[in-house]
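Contents: one structure, followed by commentary.
Residue indices begin at 1 and follow the sequence shown.
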Amino acid sequence: MLLFMPALRNGAGFSEYLFSANNGLPPRESHYSAISRSAPAVVNIYSVSIENDTGLFRNRARERASLGSGVIMTESGYLLTCNHVVADADSIFVAVQDGRVLEAQIVGTDALTDLAVLKVDADNLHVIPQTDESNLHVGDVVMAIGNPFDLGQTITNGIVSRAGRNGLSNYVDFIQTDAVLNQGNSGGALVDSNGTLVGITNANFQVRDSRNGVRNVDGINFAVPYELAKRVMADIIQNGKVIRGQLGFVGQENRGAPGITVTAVATDSPAERAGLRKNDVLLAIDGIQLKSASKTLDMIAETVPGTTLELNISRDGENIMLSAEVAELGAAP
């Protein structure tokens, strides 16, 4: 026995030999290092609003508290969370993972992406790891970090089911994942297997049942893509809001042919005033050839309002040049 078990010759006990760490098992798979890098940057958010509780025999103020999560984005104290977490809040408190509770101020919000930027005055904040481009792919492992049901920081994991789009005209095409999100996760971090931020968790998919009640659908959860969230945050910090350009038309790709076919033009929009019509084929904008409807809308959304764009269109086989002035999305005409 000593011949075949050299450790016993060195004085190790039989049970110690059998149950030692070097028993041939492969190393345990773990995301501990990734979570250690990212989790300290995810905070709990508590928003408090005062509502007037009116009734036949009473009229008094009532305090309402909302729960959510947030992500520390900069050393200077800027945080990202969801707009619905802090909407109509009179006071906002941020619980940092080191035990501090800080009061936060709303810098600005963006209803279209349901994002809000908060600011806290504090030092030694743990900033979430970030990269210029997440290059997220379907099948990538991701983890959702947040504070569901105020149970304390919790991590769930899954994969990317849909990568989403990063353009500024994107209001609905978010990251889809089966990493579980519950009430309180909104505004938290979606990170990859390295602990790098890839999205801001938003909501789970809900449907109405036969009794017209709302129920969650397991395995379908959403997050705002990181690049889009970062762009929204930068615009809010700089301008107090997100400024998007628009011409007032929608279109679709032409399979096997260049350009975008215009499917609708809004009344009294810049596109209509420029002479764009339904069924026109938009070939190029300012000399840039068009192939994707979504990328075309992104290009327009990221153009400064007031800029004049040259539209190259095809109508009934004839090439026509139109000039259209970009308007601000949501601004009064």
By side-chain contact (heavy atoms from CB on, under 4.5 Å), which residues pair with Ile320, not counting sequence neighbours?
Ile313, Arg315, Glu318, Leu322
Is the closest side-chain heavy-atom distance between Val94 and Leu79 below 4.5 Å?
yes
Once salt bridge (Lys or Arg N to Asp or Glu O under 4.0 Å) is applied, do any residues pair with Asp110, and if so which ones, sequence neighbours excluded?
Arg244
Strictly by salt bridge (charged side-chain N to carboxylate O under 4.0 Å, His left out), give each pair with a member in residues 284-295 just once, sequence neighbours left out.
none
Identify every side-chain donor-acceptor pair in residues 97-104 under 3.5 Å, counting partners at least two apart or on other chains, and give the distances.
residue, atom, partner, partner atom, Å
Gln97, NE2, Val42, O, 2.8
Asp98, OD1, Arg100, N, 3.1
Asp98, OD1, Arg100, NE, 3.3
Asp98, OD2, Arg100, NE, 2.9
Asp98, OD2, Arg100, NH2, 2.8
Arg100, NH1, Asp123, O, 2.8
Arg100, NH2, Asp123, O, 3.2
Arg100, NH2, Asn124, O, 3.3

Compile the donor-acceptor pairs under 3.5 Å between side chains in residues 30-37 and protein atoms, sequence neighbours left out, one pair per line.
residue, atom, partner, partner atom, Å
Ser30, OG, Tyr32, N, 3.0
Ser36, OG, Tyr32, O, 2.8
Arg37, NH1, Asn194, O, 2.3

Expected output: side-chain Asp280 to main-chain Arg277 donor-acceptor under 3.5 Å:
yes
Between atom CE of Met73 and atom NZ of Lys230, what is the distance when rounded to the nearest 0.5 Å?
7.5 Å
Show me the donor-acceptor pairs, under 3.5 Å and distance only, between side chains in residues 80-87 and residues at least two apart or in other chains.
residue, atom, partner, partner atom, Å
Thr81, OG1, Ser69, O, 2.6
His84, ND1, Asp114, OD2, 2.6
His84, NE2, Ser186, OG, 3.1

Min side-chain heavy-atom separation Met299-Leu290 under 4.5 Å
yes
Partner of Ile260 under side chain to side chain contact (heavy atoms under 4.5 Å, CB included), picked from Thr296, Val281, Leu297, is Thr296
To the nearest 0.5 Å, what is the distance between OG1 on Thr263 and CZ on Phe249?
9.0 Å
Going by side-chain heavy atoms closer than 4.5 Å, which hydrophobic residues are tied to Tyr46, directly or by a chain of links?
Leu67
Using a 3.5 Å cut-off and no angle test, enumerate the donor-acceptor pairs between side-chain atoms of residues 154-163 and protein atoms at least two apart in sequence or in another chain.
residue, atom, partner, partner atom, Å
Thr154, OG1, Gly152, O, 3.0
Thr156, OG1, Val180, N, 3.4
Thr156, OG1, Val180, O, 2.8
Arg162, NE, Asp173, OD1, 2.9
Arg162, NH2, Asp173, OD1, 3.4
Arg162, NH2, Asp173, OD2, 3.3

What side-chain hydrogen bond (donor to acceptor under 3.5 Å, both in side chains) pairs are there with at least one residue in residues 131-146, not counting sequence neighbours?
Ser134-Glu227
Atom pair CG (Asp235) and CD (Glu302), whose distance is rounded to the nearest 0.5 Å
9.5 Å
Mark yes when over 12 heavy atoms from residues, nucleotides or ligands other than Asp150 sit less than 6.0 Å from its CG; otherwise mark no.
yes
Contacts of Asp121 that satisfy side-chain hydrogen bond (donor to acceptor under 3.5 Å, both in side chains) - sequence neighbours left out
Lys119
With sequence neighbours left out, write down each residue that passes salt bridge (Lys or Arg N to Asp or Glu O under 4.0 Å) with Asp192, or none if nothing qualifies.
none
Sequence neighbours excluded, every pair satisfying side-chain hydrogen bond (donor to acceptor under 3.5 Å, both in side chains) that has a member inside residues 305-314:
Glu310-Ser323
